[in-house]
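Down below is the structure, laid out as structure tokens.
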Amino acid sequence: MFRSPRAVPRRLLAATGAASALVLLAGCAGGGDDGVAEDGTVTLTYRTWIPSLEQWQPIVDAFEAENPDIKIDFQGADGASDYLSELDNLILAGEVPDMYGIQTTSSFDDYAEYALGTDEFAADWIDGVKPELLEETTTSDGEVKALPILTAGSEFYLYNESLFEELGLELPTDYASLVEVSKAAQDAGYSSFAMGAADTWHAADFFVWLSNQYGDGGEIYDAAAGEIPWESDTLVEAATAWQKLFDDGVFQQAATSTTTYPSARDDYLLARKSLAMPTGSWHVSATLAGNAETPGSAVEDDTLGMAPFPTIGDNEATSTSGVDYALALSADLEGPKLEAATKFAEFLAVGEGQQIWVDTLQGFPAANDVSAELAEDQSETALESVQQVTDSLAAAEYPRKLVSADNDGLENDLGVVLQNIANGADPAEELATLNS
């Protein structure tokens with residue numbers, strides 16, 4: 001039976017007006033159905049925003065081949081924000097999915113409230129997960145409430161090597177060359193770096209990465225924790241540099257109304273209208289032969305690569321990294337459904353499912369002793385890109401996501417502030433609005 005939320009988190013209260021979505025979604029989760037057929041087959045509901053359908057099929061095929069008495073009712077959303085809205089509605093309707101994806105942002109505790117602790121189902125094999133990652137899926141009360149599945153980091157850029165060569169341009173190595181390359185691209189009729197700043201998560205990701213290049217580094221985490229004001233000199237300097245990326249034409253016009261997916265990707269990079277797009281480590285998959293994104297696009301015959309975004313500030317840029325995707329199991333699970341969900345969780349976290357998904361380069365492994373196994377027909381650029389991303393993540397000094405005890409919507413709030421700054425607002429005044 002669904003556990004009545006003793007105190008509905010602020011994040012979920014915001015969804016109470018979505019009555020139509022409640023009607024649509026309430027019947028597709030496991031709340032009123034034990035999920036066990038007369039022949040003993042168990043059906044588990046799984047709600048998430050990744051993997052994509054293309055990535056999901058080989059995962060479920062392999063799992064159901066090993067476990068023919070378990071069926072996974074998979075439903076993916078078009079993006080993380082759409083998924084969270086759907087998950088909010090399901091929780092409010094008393095229909096927590098049997099298994100659901102979760103991120104380690106400031107709202108982690110809100111969604112972990114409805115999940116089993118990993119000690120209730122994963123104690124026998126959780127040592128196969130990198131122990132440092134479990135810290136990120138631990139609630140403020142000290143309970144590990146989700147399994148790290150994939151890691152990811154920022155900030156990188158996916159670029160069209162063929163277009164760079166056509167224009168006689170080199171990859172930028174610092175801010176001056178970043179501006180120079182951008183101007184040359186614009187003079188040739190192209191956008192430079194297609195930034196999806198309409199996505200508050202991406203604006204926040206980029207700024208967290210950028211902010212560590214100023215001052216002593218790491219001050220943004222102190223601001224998130226309420227230990228220093230947001231309008232501190234270091235963060236104002238970083239926000240001013242963020243604003244200059246727009247003023248100097250590194251990012252395209254109307255970047256704050258451009259989403260990363262699909263717009264920056266499809267309308268700019270894949271349409272062959274931009275040199276590159278800023279993105280996270282997961283998008284290195286687009287450099288590989290046989291990827292699902294470039295076929296049929298204007299860049300189908302081009303060579304794509306990925307590189308760490310060049311240093312902008314005073315300190316050398318280093319990647320941010322952390323758990324990008326974790327799996328939570330509903331606290332309502334028991335009996336055959338709990339046993340079945342445990343099998344799937346083990347398969348995805350430390351078993352064959354981890355290897356299958358990691359091989360797509362959607363993310364990097366959370367399990368010990370797992371690494372991506374690439375096909376032999378990859379280009380030199382693709383192999384170099386994967387190695388650069390791998391090395392950059394391994395050297396990451398700072399976490400990708402912010403955690404705040406006082407603001408479970410901090411990532412979104414910071415993203416809105418950054419959009420305002422990009423559009424010309426005063427950096428110090430805007431950052432000050434984030435103070436509790």
Side-chain angles (χ1 to χ4, degrees), residues 42 44 46 48 50-51 55 58-60 62-67 70 72 98-105 108-109 111-153 281-282 319-373 390-391 393-401 403:
V42 176
L44 298 169
Y46 180 27
T48 183
I50 54 174
Q55 294 164 355
I59 293 172
V60 71
F63 177 76
E64 291 184 351
E66 288 183 11
N67 303 275
I70 303 174
I72 309 295
D98 297 323
M99 305 179 298
Y100 56 98
I102 189 170
Q103 282 189 314
T104 58
T105 60
F108 176 78
D109 276 16
Y111 297 107
E113 169 71 17
Y114 305 94
L116 285 172
T118 56
D119 58 349
E120 299 182 65
F121 65 92
D124 293 340
W125 46 265
I126 201 168
D127 58 355
V129 176
K130 296 173 183 176
E132 67 273 16
L133 299 180
L134 296 173
E135 297 176 12
E136 297 184 45
T137 58
T138 299
T139 67
S140 56
D141 294 332
E143 290 186 88
V144 181
K145 283 293 196 81
L147 286 168
I149 303 296
L150 299 175
T151 65
S281 59
W282 56 87
S319 296
T320 58
S321 183
V323 176
D324 184 51
Y325 185 84
L327 181 70
L329 270 56
S330 170
D332 298 332
L333 288 174
E334 57 185 15
K337 291 193 76 173
L338 176 55
E339 181 180 351
T342 297
K343 288 182 179 180
F344 180 77
E346 182 178 7
F347 174 83
L348 199 59
V350 297
E352 184 182 356
Q354 170 85 174
Q355 186 68 63
I356 294 171
W357 205 359
V358 165
D359 287 348
T360 70
L361 292 180
Q362 170 72 57
F364 287 74
N368 295 313
D369 304 321
V370 173
S371 59
E373 299 174 354
T390 301
D391 292 345
L393 294 180
E397 297 181 20
Y398 298 100
R400 177 181 164 215
K401 295 297 184 181
V403 176

Mind listing the closest non-hydrogen atom pair of [X] and [Y] along with its distance?
X    : Y    : result
L44  : K337 : CD2-O, 3.7 Å
T137 : A326 : CG2-CB, 3.9 Å
L393 : A152 : CD2-C, 4.3 Å
V42  : A340 : CG1-CB, 3.8 Å
K343 : N67  : CD-OD1, 3.6 Å
W282 : Q362 : CB-O, 2.6 Å

Between [atom1] on residue [X] and [atom2] on residue [Y], distance to nearest 0.5 Å:
X    : Y    : atom1 : atom2 : result
Q355 : D369 : CD    : CG    : 11.0 Å
M99  : L116 : CE    : CG    : 12.0 Å
D109 : E143 : CG    : CD    : 10.0 Å
D124 : D119 : CG    : CG    : 11.5 Å
K401 : S321 : NZ    : OG    : 11.5 Å

Does some side-chain heavy atom of [Y] sit less than 4.5 Å from a side-chain heavy atom of [X]?
X    : Y    : value
E352 : E66  : yes
Q354 : P365 : yes
K145 : I102 : no
L333 : D98  : yes
I356 : F63  : no
R400 : D324 : yes
T360 : P51  : no

Among T151, L150, V370, find the one that has a side chain to side chain contact (heavy atoms under 4.5 Å, CB included) with F364.
-> T151

Side chain to side chain contact (heavy atoms under 4.5 Å, CB included) test vs I149 passes for just one of V358, L327, I50, namely L327

Run the numbers on I126 and L147 for side chain to side chain contact (heavy atoms under 4.5 Å, CB included), then give the verdict.
-> CA-CA 8 Å; I126 201 168; L147 286 168; 4.0 Å; yes

With a 3.5 Å distance limit and no angle check, can you tell me whether [X] reaches the backbone of [Y] through a side-chain donor-acceptor pair?
X    : Y    : result
N368 : D127 : yes
S281 : G153 : yes
E136 : V323 : yes

Where do F347 and I59 land on the side chain to side chain contact (heavy atoms under 4.5 Å, CB included) test, with the steps shown first?
-> CA-CA 9 Å; F347 174 83; I59 293 172; 3.9 Å; yes

Carefully, step by step, assess F344 and Y46 under the rule ring-ring contact (aromatic ring centres under 6.0 Å, His included).
-> CA-CA 10 Å; F344 180 77; Y46 180 27; 5.5 Å; yes

Using the ring pair (Phe, Tyr, Trp, His ring centres under 6.0 Å) rule, collect all pairs that involve residues 321-341, keeping only residues at least two apart or in two chains.
-> W49-Y325, Y325-W357

